2 protein chains.
Amino acid sequence: MTTQSDDTQPSAPRTSPPGPGSAALGRPTLQQVAALAGVSRATASRVVNGGAGVRLHVQAKVRKAVEELGYVPNPAARTLMTRRHDAVAVVVAEPESRVFSDPFFAQQLRGIGRELSAAAVQLVLLLVTDAGDYAQVGRYLAAGHVDGALIFSLHRDNPLPVMVDRLGLPVVYGGRPEWGEPGSIPLYVDTDNRGGARAAAEHLVARGRRRIAVITGPLDQTSSVDRLDGFRDVFPNFPDSDPDLLVEGDFTAPGGRRAMERLLDRSPDLDAVFACSDLMAAGALAVLAERGLRVPEDVAVVGYDDSDTAAQWASPPLTTVRQDIEEMGRLMARLLLNRLQLEFDGRPDEAAALTSVVTPAELIVRRSS
Amino acid sequence: MTTQSDDTQPSAPRTSPPGPGSAALGRPTLQQVAALAGVSRATASRVVNGGAGVRLHVQAKVRKAVEELGYVPNPAARTLMTRRHDAVAVVVAEPESRVFSDPFFAQQLRGIGRELSAAAVQLVLLLVTDAGDYAQVGRYLAAGHVDGALIFSLHRDNPLPVMVDRLGLPVVYGGRPEWGEPGSIPLYVDTDNRGGARAAAEHLVARGRRRIAVITGPLDQTSSVDRLDGFRDVFPNFPDSDPDLLVEGDFTAPGGRRAMERLLDRSPDLDAVFACSDLMAAGALAVLAERGLRVPEDVAVVGYDDSDTAAQWASPPLTTVRQDIEEMGRLMARLLLNRLQLEFDGRPDEAAALTSVVTPAELIVRRSS
DNA sequence: ATGAAAGCGCTAACAT
DNA sequence: ATGTTAGCGCTTTCAT
C-alpha cells in the first residue's frame, strides 16, 4: 500500500485521540477513501475529479467508498493546490443605500445567480455601505478569495476600478465604467441608454410635446449622462435652450418628487417630463396629481426601466423604456466566466479579445404619454 | 536559520523555473517574509496574527517585510489549518422569484451585511431558484465552505432545515421555521406577527368597521399563519363566521388584486380589508379604485410591512404595520456570530443557551383607514 | 493505468 | 520569546 511513515500513519502528535486514517470524528479524507477502496490517493483523486484514465472497474470501487464514507472534498485543500476558488465576488457600492431598494439591481443579481449556479460557481456578495468598507473589500479581493469580480453602479470617483486593476483581478462591470487605470480596457455589460432615451424623446415629439423637462440621474454616472445625450440627439440645444427644464435627480422616488416640484415652480408651462427612472417618474406623478395636473392631458410623463412596481402599477401606468435586466446579469456572469476559463486554460490572447456588450432598449407605450 | 532540505530550498521539481522562496512570480509567502525579516516562519505568523508574545522590535522588522513584499496571507492555507472560513452563507429560497422584488428582503440583507462586515466575515449569497438548486446548495454547505448559514422565508416543505440539521451546520433562520429535524431547536429571529396583526384588527374595530376581510399570505409559512392568528385574537370566530371574508394571497401585488376581486364578488358589503403585506394592499387598492369604491370612506385598508414604495407612496398612503427589518437582519447575523464564537472557543453549553429573538411590530396609521 | 513522492502556504504543539 | 517540526487534505509530476 503506502509507506510506513506516510500520512496513513502519521506519528499522531495532534491534540485529540482520533487516530490517523481512522473512522474517528471529523470528515473523511481522500486518504480514507483510497484506503477503503484499496487504491492510492492519486487514483482516488482522479476518480473524484472525473475519473479520466482510470479503469471503470476501479472507478466503481472508489465511488462506492466515497458513497460509503460520505466523502466530500475539502475545498480549502483543493484551492491550495489548484489556485481556483470557483467563486466570484459581486461588489455593490450603495453609498446612498439606494441600490437595494431599486428593483433593477435585484433582477440583475438574479440573472447573475442563475448563470453562476449553472457553472457551479459561488456568488460572494460584497456590500459597500460606507467609505471604510472599500479598504475591507480591497483586502478581501487582494487576499485572493475569488477568481474574479462583478462590479456595479459606479460613480466617477469610485476607487474600485483602480483597485482591481492594480490587483490584476478579472472584472466585468455592470454599466460602462468611467475608466479604470489608464491603459487598461474595462470589460462591461451596458444597455443602450442613449438609444432608449432617444426613443423616449422621439415619442414625446411625435405626441406633439414641445416643452419637455428632463429629470436626469446622478450625472457622475455614465448611464445618466448617456440618457441625457440620447435626449439631446433629438433636442441638440437642450438644455441651453432652456436651463430651467433640466433637473439632476438621484434615481429615487423622493428625489423625483423634489425635482418635479422644482420644475413646476420654474416652468409651470411644461407639457412633458422625461424622468430617467421609473422611481423618479412615480415621484413626479405624485406631485402632478397634487397640483391638479392631469397625466397625460396636461403633462405627459415617460419613465425608464419598466420596473413592474413603479411603472406598471403607477396611475396612469407609465410609458417607459424597457431593458432585459436579468439578461444583462446573465451576460455579465457569462463574460466573466469565459474570461476566467480562457485565462486558466492559458489563452490570454483569446481572453483579451473578449468584448463588452451593449443590450438593446425598447420603448413601452402606456397611458402616461 | 532553517535546515537544508526544508522548503526554503525545496528540490524544485515543479514545472516552472521560479525558484523556492525566490522573488519570482506569484504572491509572496510567509516564508519569504520570514526570510526577509530574518526570523522563523512561526514568528512571522505570530506577528501577522496580532503579534502576541513577540518583542515589538521583532514585530517591526516583520511588519516592514510584510509591507515591502506586499504580503497578504493565503486564506485557503489558513483555512486548511484553522478550519475557519470567516464566511457565512445567506440562503434565499425564492421559488416564486418573489423574495427579491420584495423590499423586505433587501433591507434584511443590508442589516446582515452591515453586521458581518463589522466582524470581517464574508457573506456568501446562495440563491435557490429552482428545485434542482437545493442539491447544489446542499453540496456547497456540506463541503464546508462556510462557518454557518442564515436561511430565509421557508415554506413548510422546504428541505433546507433538515439538510443543515444533518450537517450540524450552525444556522439562524429569518422567521420562525416550521421545525427542523425533530429534537433540534432552531434558532431564529422573527417579528411579532401576531401582535402586529392584532393591532391592525383592533384599529379597524376602533374605526367602527365590522365586515372586515383578510387577505393572508401563503398559509404554509409561519408568518402568514401568525398574522391570521393575531387577527383572530380579536375575531375568534373568523373565518368560520363568514368564510367568504378570507382569501389566501401570495404576498405579491397581482395576488392582492386577484384576492380583492374575489372578495368583492363574494362580499360586496365588506367595509374593510386587512392585507397581510403592503404589496397585496397596493393591489387591493387598485381594484377598489377601479370599482369606484372610496378608501377609507367605503372600504378601509390596512397593510403590513410599511414598505416605503408600496405603503408610503400608495394613494391614499397605507395604514400598516412596521417592523425594524434592517435590525432583524443585524440580529440574525449577530446571533450566528455569537454562536460561532462560542462554539469555536469550546463553550458548546453557552452556545446552546443562545435564544431566539422576536422583535416588536408597530401600527402606523395613515389615511387608508 | 496506477502508485510514490513532493509540496501548495499556513498554524500550532513542542522544545528551547 | 523564538525556532523546529509536523502536518491540514489535496493535486500532480514522474516513474513504473
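In what follows, chains carry the letters A, B, and so on, assigned in the order in which the sequence lines appear, proteins first and then strands, with residues in each chain numbered from 1. Quick caveat: nothing in here was measured; it's all calculated off a predicted structure. These values consider heavy atoms only, across backbone and side chains, with no hydrogens, waters or symmetry-generated copies.
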Distance-only donor-acceptor check, side chains A:Arg63 and A:Gln59, under 3.5 Å: yes
Between P of D:dT12 and CD of A:Gln31, the distance in whole Å: 18 Å
For A:Leu354, side chain to side chain contact (heavy atoms under 4.5 Å, CB included) partners two or more places apart: A:Leu187, A:Asn338, A:Arg339, A:Leu342
Candidates C:dT2, D:dT12, C:dG9 - which lies nearest the side chain of A:Val58: C:dT2
Nucleotide C:dA6, atom P - distance to CE of A:Met81 in whole Å: 14 Å
Nearest-neighbour nucleotide for the B:Arg46 side chain, C:dC14, C:dC10, C:dG3 considered: C:dC14
Nucleic acid contacts - residues 62-76 of chain A versus DNA chain C, non-hydrogen atoms under 4.0 Å: none
Minimal non-hydrogen separation, A:Leu169 against A:Ala149, with atom names: CD2-CB, 3.9 Å
Separation of D:dT13 P from A:Asn49 CG (nearest whole Å): 13 Å
Separation of atom CG in B:Leu80 from atom P in D:dT11, rounded to whole Å: 12 Å
Pairing residues for A:Leu36 by the side chain to side chain contact (heavy atoms under 4.5 Å, CB included) criterion, not counting sequence neighbours: A:Ala65, A:Glu68, A:Leu69
Closest non-hydrogen atom pair between A:Arg27 and A:Gln32, with its separation: O-NE2, 4.2 Å
With sequence neighbours excluded, residues passing side chain to side chain donor-acceptor pair (under 3.5 Å) with A:Arg330: A:Glu326, A:Glu327
Nucleotide C:dT11, atom C1' - distance to CG of B:Asp86 in whole Å: 14 Å
Separation of C:dG7 C1' from A:Leu30 CG (nearest whole Å): 16 Å
Sole residue of A:Val357, A:Leu337, A:Ile112, A:Leu336 in side-chain contact (heavy atoms from CB on, under 4.5 Å) with A:Val172: A:Leu336
Rounded interatomic separation in angstrom, taking CZ from B:Arg55 and P from D:dG3: 9 Å
For atom CD of A:Gln59 and atom P of C:dA1, their distance in whole Å: 11 Å
B:Ser45 backbone acceptor or donor facing B:Asn49 side chain under 3.5 Å: yes
side-chain contact (heavy atoms from CB on, under 4.5 Å) partner of B:Met332, the single match among B:Phe152, B:Tyr188, B:Tyr173: B:Phe152
Donor-acceptor pair (no angle test) under 3.5 Å: B:Arg41 side chain, C:dT11 base: yes
side-chain N/O B:Ser45 vs C:dT11 OP1/OP2, d < 4.0 Å: yes
Sugar-phosphate only, base, or nothing, as touched by A:Arg83 at under 4.0 Å among non-hydrogen atoms: sugar-phosphate
Degree of bending in the helix from C:dA1-D:dT16 to C:dT16-D:dA1 once both end axes are built from five pairs, to 10°: 30°
D:dT11 OP1/OP2 closer than 4.0 Å to side-chain N/O of A:Thr82: no
Short side-chain N/O contact to D:dT2 OP1/OP2 from B:Thr43, under 4.0 Å: no
Partner set under side chain to side chain donor-acceptor pair (under 3.5 Å) for A:Arg139, not counting sequence neighbours: none
Given D:dG3, D:dT12, C:dC8, the nucleotide with the shortest approach to the side chain of B:Ser40: D:dG3
